[in-house]
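Shown next, in structure tokens, is the structure this report addresses.
Because only heavy atoms are used, hydrogens play no part in the values below, and waters and symmetry mates are left out as well, while side chains stay in. In what follows, every chain begins at residue 1, and chains take the letters A, B, ... in the order their sequences are listed.
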2 protein chains.
Amino acid sequence: MVIARASSPVHPAQPPNGNASTVRYVGADTVVEMGGQTAYVYNVAQGTLRKVSLMRDGRRHISRFLCPGDFFGFMDAPESAHSVEAISDVTLVRYSRLNFDALMARDPALRHRILASMSDELAAMQEQLLLLGRKNARERTAAFLLTMANREPQGRYSREFDLQMSRADIADHLGLTIETVSRVLTRLRKRRIIGLPSSKHIVLLKRRALEAIGAGAI
Amino acid sequence: MVIARASSPVHPAQPPNGNASTVRYVGADTVVEMGGQTAYVYNVAQGTLRKVSLMRDGRRHISRFLCPGDFFGFMDAPESAHSVEAISDVTLVRYSRLNFDALMARDPALRHRILASMSDELAAMQEQLLLLGRKNARERTAAFLLTMANREPQGRYSREFDLQMSRADIADHLGLTIETVSRVLTRLRKRRIIGLPSSKHIVLLKRRALEAIGAGAI
DNA sequence: CGGGCCTTTGAGCCGCATCAAGCTTAGTGG
DNA sequence: CCACTAAGCTTGATGCGGCTCAAAGGCCCG
């Protein structure tokens with residue numbers, strides 16, 4: 001039940017306007033928030049985080065990676081035992097939940113923006129359920145790469161991008177092992193569907209083929 | 001993109017009050033709603049439905065079973081290709097989406113009820129992601145039986161209940177095959193953890209043991 | 001009593017996990 | 001600039017859980 005505990009928050013609580021404050025976390029694996037009702041709603045400004053569920057015996061699942069623009073801490077139920085951890089240096093904008101609720105009540109535009117964001121998240125989760133329930137390792141990996149490509153900031157050409165997370169994180173997101181993820185990526189590289197100049201740098205050589213694989217054709 | 005197409009709606013559109021109307025569907029496999037922006041929000045009054053995603057090659061996934069009290073059609077994103085199908089005779093209360101939005105804007109209590117309901121749904125989906133990503137067949141089945149037991153209407157003693165859905169539906173919800181579901185249930189019966197007087201009637205003989213299995217202990 | 005559907009049970013196989021080395025990269029200190 | 005180390009990634013060999021294929025067993029309804 002750790003709330004916004006940072007091992008090293010660089011700039012704690014400096015409000016740019018009345019409601020929000022900016023918080024930064026440096027280094028990997030910083031636990032930002034875990035379970036319970038949180039006092040804050042966060043918006044990711046920079047960096048990447050992971051939303052982690054843990055089983056008692058150590059099995060781990062990552063339900064989602066949080067990228068710039070994403071909200072979190074808004075709709076998380078008390079009982080679900082999950083935490084949010086930074087996997088790179090991160091800058092968050094933090095809103096008091098009370099202010100946020102009040103703001104939502106007055107501001108229909110914000111309300112719709114939040115509902116749309118939640119709707120997107122729900123759709124993504126539903127896709128992920130299908131992925132975990134019915135797709136094989138190759139299909140999962142292809143779909144994941146495309147999701148990551150589409151999440152890249154606009155400034156960058158999404159044909160080519162860096163994965164922000166380790167093989168272990170990818171495996172725990174896709175319900176696979178690091179070995180399987182590695183093998184599938186190697187196979188996609190050997191078939192010239194992706195380029196892999198370094199372990200985290202991805203080039204989409206045949207996007208259409210990758211899309212077909214991710215959708216379960218072929 | 002079929003919206004509220006019923007093969008046999010018994011009582012179409014009889015408004016009990018200004019906003020809502022009651023709709024009934026008889027027979028199984030009736031498609032109630034599929035993809036796209038729907039004009040209505042539904043609340044389940046009686047019966048059970050399934051929320052289905054389909055892949056082009058026929059692979060199927062059921063992300064959720066809808067039971068009395070559940071809302072749907074509220075937060076479903078346009079692009080996700082899923083449908084909602086009745087698996088028993090069903091009575092739904094249908095609200096116009098426009099009215100619903102307006103009502104939500106004015107009524108903080110309703111707004112919080114809806115947010116809470118969405119929060120519950122999100123937590124359930126997160127649990128399901130962990131289940132599909134990291135649990136084995138026995139753990140999935142145990143967790144599923146407990147979920148179903150806890151969803152029973154209060155009038156019925158949840159130690160003992162009827163499954164509303166077929167083995168195929170259970171399999172498609174748990175990312176397994178009908179054969180595996182059947183085998184796991186048989187094994188749980190032989191270990192006297194559940195009773196199975198008929199194929200759809202479940203008796204929880206050792207709830208604690210089942211909980212331990214479902215959580216991944218043992 | 002017969003036919004169709006759902007469920008159960010069995011036999012064999014396959015995809016991914018597990019176990020076990022190597023390899024690459026980054027960081028650290030001499 | 002080069003050991004040295006540690007962590008992460010890749011690759012190979014083997015095993016197993018759940019899928020596939022097949023058939024038999026219940027149940028419902030005419």
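- One interatomic measurement links the two molecules: CG of A:D172 to C1' of D:dG8, which rounds to 14 Å at whole-angstrom precision.
- We find that B:E179 and B:R183 are not joined by a salt bridge, their nearest charged nitrogen and carboxylate oxygen being 4.0 Å or further apart.
- The two residues B:C67 and B:T48 have their closest heavy-atom pair at SG-CG2, 4.5 Å.
- Rounded to a whole Å, the CG atom of B:L163 is 16 Å from the P atom of C:dC6.
- Among all heavy-atom pairs drawn from B:A142 and B:G214, the shortest one is CB-N, 3.7 Å.
- Across the interface with DNA chain C, nearest-nucleotide mapping of A:P197 and A:T180 shows A:T180 to be the residue nearer the 5′ end.
- A heavy-atom distance below 4.0 Å to DNA chain D is reached by these residues of residues 132-146 of chain B, ordered by number: B:N136, B:A137.
- Of the two residues contacting DNA chain D, namely A:R183 and A:K200, the nearest-nucleotide position lying further toward the 5' end is that of A:K200.
- Using modelled atom types and a 3.5 Å distance limit, the side chains of A:H61 and A:D172 yield no donor-acceptor pair.
- Per the geometry, CE belonging to B:M165 stands 11 Å off P belonging to C:dT7, to the nearest Å.
- Looking only at side-chain heavy atoms (C-beta outward), A:V41 and A:N43 stay at 4.5 Å or farther from each other.
- Atom pair A:L196:CG and D:dT11:P shows a separation of 9 Å (rounding to whole Å applied).
- At its two ends the helix from C:dC1-D:dG30 to C:dG30-D:dC1 runs along axes set 40° apart, each axis drawn from five pairs and the angle rounded to 10°.
- Ion pairing between a basic and an acidic side chain is recognised when a charged N comes within 4.0 Å of a carboxylate O; A:D70 and A:R151 show such pairing.
- Counting only heavy atoms from C-beta on, B:E179 has its side chain closest to D:dC21 among D:dC9, D:dC21, C:dT7.
- One can place CZ of A:R167 at 15 Å from P of C:dA17, the figure rounded to the nearest angstrom.
- Atom CD1 in B:I178 sits roughly 15 Å away from atom P in D:dA22 (whole-Å rounding).
- Residue B:S166 places none of its side-chain N or O atoms closer than 4.0 Å to OP1 or OP2 of C:dC6.
- Interface residues of residues 184-191 of chain B facing DNA chain D, ordered by number: none; criterion, heavy-atom separation under 4.0 Å.
- Looking only at distances, a side-chain donor or acceptor of B:R134 sits under 3.5 Å from a matching main-chain atom of A:R60.
- For the pair A:L174 CG and C:dA17 P, the interatomic distance rounds to 10 Å; values are reported in whole Å.
- Rounded to whole Å, the distance from CG on B:D57 to P on D:dT20 is 11 Å.
- A distance-only check finds a donor-acceptor pair linking the side chain of B:R167 to the backbone of B:S199 [under 3.5 Å].
- Judged by distance alone, with hydrogens and angles left aside, the side-chain atoms of A:R94 form no donor-acceptor pair with the main-chain N or O of A:S21 at under 3.5 Å.
- Using cut-offs of 30° and 60° for the angle between ring planes, the A:F72 and A:Y42 rings count as parallel.
- Residues B:L163 and B:F144 have side chains in contact (heavy-atom distance under 4.5 Å, counting atoms from C-beta outward).
- Checking side-chain atoms of B:E121 against main-chain N and O of B:F71 turns up no donor-acceptor pair under 3.5 Å.
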